Amino acid sequence: MSEFPMSRAAGCPFAPPPELSRRFREAPVSRVKLWDGSEPWVVTRYSDVRALLADPRVSVDPGQPGFPHTNAVSRARDSRMRTLMQMDAPEHLAQRRLFAPEFTVRKIAGLLPRIERIVDDQLSGMLDGPNPADLVAAFALPVPSLVICELLGVPYADRAFFQEVAQTLVMDQADPALAVAASEELNAYLESLVVAKAAEPADDLLSRLAVEQYASGAMSLREIAVAGQLLLVAGHDTTASAIALGLAALMANPEQWELVRRNSDPALVAGAVEELLRYLSITHTEARRVARADIEIGGQLIRAGEGVIAVKSTANRDPSAFPEPDVLDVGRKARHHVAFGFGAHQCLGQSLARLELQVVFDALRRVPGLRLAVPPAELGFEENAVFYRVRELPVTWCPRRST
Ligand code: HEM
């Protein structure tokens, strides 16, 4: 029977799976059994997770024997994809250098007015609609989706298509053949978009790739489409999940919500975002690697060719890095969390995710009377996707006074 990924269901919905927390305490580097019978290591402590993710002797290449695929979809999907996430140095560095200038703190800060406009529009739309509403569908999903569409230059009108494809790609229990077909469909769509942008460029990332990389022959259409697919999928589901789960966690800790709600200091909201990222650790299939040489992590010898999984959720609850780790404390300095990973593959989109989340929580805290419309115990959580998420988040608020 497969032991990993492990379920959070038996414990607090916002905490790491209880079995992983037990291993953190009793066997911090230990083996788990996967669906295909393989037995990679899990590494659960903060310092060990960082040491592992910074070690150049581990590989992210899913085609390497011993790479820990968490299910059949992961094997079918990742073995065919060559995005940043599947590349080792020096190929990884070369491609990362290409994209990094698009995601610097400075460049992303320039998107602030557009992000604020998107957040305001979506929030007004929700508040003008039926009360209560599902915050996931009405707000948490459209905001990051609109932002990444603007950044890439993907028409938002096509969202029904690419959101459906993205769902097939991120669901763990989907048929592997379906996931591969969905990925190919999205690649074909992005390839034709890049061709159109090469002919008629606009001020967006795909246009720049079309002109600077495709037209010059430096990158093929396929390579640009695959990179675009990673950004499109990674760019909206993760942040959508962080918005909805983040609000659910704040609502479950009313005194913390009250602190956010009453405090207009942007530093407090920014700190709350870091704390929520730490507390929730939403990418629960974790960071997977395969050792290319014998390495020692946390006193345990991991042999060349063995799979190893860095567990960010337990690392983010390690008391040696975060005192009283199970307490949600929006005043905590939590920016050293590993929710965005660590080392060479640390999240490329983290500045964007941070800015979006800061604008979002600053807008949500100003909605009068915003609260859950159901008891927290009634919320349903989705574990069968690459990201942990709340399925629906019914919320209510004080109706606006008509003018
Ligand atoms: C990588 C988390 C938002 C693009 C990663 C990794 C994590 C992560 C943990 C490292 C995976 C590994 O080491 O194997 C998150 C979270 C997000 C978020 C929690 C939101 C709350 C975004 C956004 C974008 C993005 C908005 C793009 C617009 C990427 C890319 C990589 C990546 C391209 C691959 C980097 C590389 O391999 O060099 N993300 N991410 N992410 N993320 Fe994010």
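Indexing begins at 1, ligand by ligand and atom by atom, following the structure's order. None of the values given here were measured: they were computed from a predicted structure.
Each of the atoms 33 (C) of ligand 1 lies under 4.0 Å from some heavy atom of Leu230. Each of the atoms 20 (C), 26 (C) of ligand 1 lies under 4.0 Å from some heavy atom of Thr239. Listed by number with element, the atoms of ligand 1 under 4.0 angstrom from any heavy atom of Leu84 are 36 (C), 37 (O), 38 (O). Against a heavy-atom cut-off of under 4.0 Å, Leu277 is close to the following atoms of ligand 1: 21 (C). Of all atoms in ligand 1, listed by their number and element, those nearer than 4.0 Å to a heavy atom of Ala339 are 2 (C), 9 (C), 19 (C). Listed by number with element, the atoms of ligand 1 under 4.0 Å from a non-hydrogen atom of His92 are 36 (C), 37 (O), 38 (O).
With salt bridges taken as basic N to acidic carboxylate O contacts below 4.0 Å, none links Glu212 and Arg208. Using a cut-off of 4.0 Å between Lys/Arg side-chain N and Asp/Glu carboxylate O, Glu258 and Arg365 are scored as not salt-bridged. Look at Arg317 and Glu324 and you find no salt bridge, because none of the NZ, NE, NH1 or NH2 atoms lies under 4.0 Å from a carboxylate O.
Of all the heavy atoms of Leu352, the ones lying under 4.0 Å from any atom of ligand 1 belong exclusively to the side chain. At a heavy-atom distance under 4.0 Å, no atom of Glu356 approaches ligand 1. Using a 4.0 Å cut-off between heavy atoms, Thr83 makes no contact with ligand 1 at all. Only the side chain of Ile148 comes within 4.0 Å of ligand 1, judged by heavy-atom distances.
Looking only at distances, a side-chain donor or acceptor of Asn316 sits under 3.5 Å from a matching main-chain atom of Val338. Looking only at distances, no side-chain donor or acceptor of Arg8 sits under 3.5 Å from a matching main-chain atom of Tyr388. In this structure, the side chain of Thr70 does not engage the main chain of Pro5 through any donor-acceptor pair within 3.5 Å. Using a distance-only test at 3.5 Å, with no hydrogens or angles considered, a donor-acceptor pair links the side chain of Gln256 to the main chain of Val330. The closest donor-acceptor contact from the side chain of Glu275 to the backbone of Asp329 lies under 3.5 Å. Listed for the His69 side chain is a donor-acceptor partner under 3.5 Å among the backbone atoms of Pro62. Under a 3.5 Å cut-off, the side chain of Ser30 and the backbone N or O of Ala27 do form a donor-acceptor pair.
Checked against a 3.5 angstrom limit, the closest N/O atoms of His345 and ligand 1 fall inside it. Taking only nitrogen or oxygen atoms, main chain and side chain alike, Arg96 reaches within less than 3.5 Å of ligand 1.
Not a single heavy atom of Met87 sits under 4.0 Å from any atom of ligand 1. Ligand 1 has Phe103 within reach: a non-hydrogen atom of the residue lies less than 4.0 Å from it.
Protein N/O/S atoms closer than 2.8 Å to atom 43 (Fe) of ligand 1, listed by chain and residue number, are Cys347 SG.
The closest side-chain heavy-atom distance from Arg292 to Asp88 is below 4.5 Å. Contact of the Ile295 side chain with the Asp55 side chain is registered, since non-hydrogen atoms from C-beta on lie closer than 4.5 Å.
For Val180, the side-chain contact (heavy atoms from CB on, under 4.5 Å) partners are Ala76, Arg80, not counting sequence neighbours.
Counting heavy atoms only, Arg289 comes closest to atom 12 (C) of ligand 1 of the residues Arg289, Lys312, Gln95.
At the shortest separation from atom 34 (C) of ligand 1 among protein heavy atoms lies Met85 CG, 3.5 Å.
The side-chain tip of Arg278 points at the ring of Phe322 from less than 6.0 angstrom away and within 45° of straight on.
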